[in-house]
Amino acid sequence: SSAASEVYKRQARESRLRAAEISRRFAEIDRERIRPLAAIVAGVGTDEDKSRLKALEEEAAQLRAVLADMEDKDENN
């Protein structure tokens, strides 16, 4: 097979691995949200809980943007 198809296969494999890595991080973010959210709902949330939630949401937003960019590139190939 041609060198170009080998490069494409490698890029596709790396892309799938990166997408799986991002999916795992989303699951971790969801788990990490539980404690601060529970504290806030219970009325005992601190500023630290709120800033933790904000940081987790910002990370999730960045990861969603990375995934969207990967999907756009995938569709254009």
Side-chain angles (χ1 to χ4, degrees):
S1 66
S2 74
S5 84
E6 287 305 312
V7 167
Y8 176 76
K9 285 179 191 170
R10 184 174 48 79
Q11 287 172 340
R13 188 169 53 247
E14 287 170 3
S15 187
R16 283 194 306 273
L17 287 170
R18 179 72 179 124
E21 190 180 290
I22 290 170
S23 292
R24 278 193 302 275
R25 183 59 190 141
F26 275 133
E28 289 172 4
I29 287 171
D30 282 345
R31 284 192 302 274
E32 290 176 33
R33 283 180 171 148
I34 294 169
R35 200 206 60 72
L37 265 177
I40 291 166
V41 169
V44 295
T46 63
D47 287 344
E48 189 179 322
D49 290 319
K50 290 177 190 148
S51 65
R52 183 73 184 127
L53 277 181
K54 189 172 189 286
L56 289 167
E57 183 48 45
E58 287 167 358
E59 183 182 354
Q62 288 173 342
L63 292 174
R64 281 191 286 275
V66 169
L67 273 183
D69 187 51
M70 287 170 61
E71 287 167 4
D72 286 349
K73 285 180 182 163
D74 208 32
E75 287 171 10
N76 293 333
N77 280 340

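Sequence positions, counted from 1, serve as the residue numbers for this chain.
Applying the under-4.5 Å side-chain rule to Ile, Leu, Val, Met, Phe, Trp and Tyr, the cluster around L56 extends to I22, F26, I29, L63, V66, L67, M70. Under a 4.5 Å side-chain heavy-atom criterion applied to ILVMFWY residues, the cluster that includes L17 comprises that residue alone. When hydrophobic residues (I, L, V, M, F, W, Y) are linked wherever their side-chain heavy atoms come within less than 4.5 Å, the members clustered with L37 are I40, L53.
Put simply, the side chain of S15 never gets that close to the backbone of Q11: no donor and acceptor are under 3.5 Å apart.
Listed by chain and number, the residues in a salt bridge (charged side-chain N to carboxylate O under 4.0 Å, His left out) with R10 are E14 (sequence neighbours excluded). For E59, the salt bridge (charged side-chain N to carboxylate O under 4.0 Å, His left out) criterion is met by R25, not counting sequence neighbours. Under the rule for a salt bridge (charged side-chain N to carboxylate O under 4.0 Å, His left out), the partners of E57 that lie at least two apart in sequence or sit in another chain are R33, R64. The side chain to side chain contact (heavy atoms under 4.5 Å, CB included) test applied to A38 returns no partner, not counting sequence neighbours. Here Q62 pairs with nothing under the side chain to side chain contact (heavy atoms under 4.5 Å, CB included) rule; sequence neighbours left out.
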Side-chain donor/acceptor pairs under 3.5 Å, residues 41-50, sequence neighbours excluded:
residue: T46; atom: OG1; partner: E48; partner atom: N; Å: 3.2
residue: T46; atom: OG1; partner: D49; partner atom: N; Å: 3.1
residue: T46; atom: OG1; partner: D49; partner atom: OD2; Å: 3.3
residue: D49; atom: OD1; partner: R35; partner atom: NH2; Å: 2.6
residue: D49; atom: OD2; partner: T46; partner atom: N; Å: 2.9

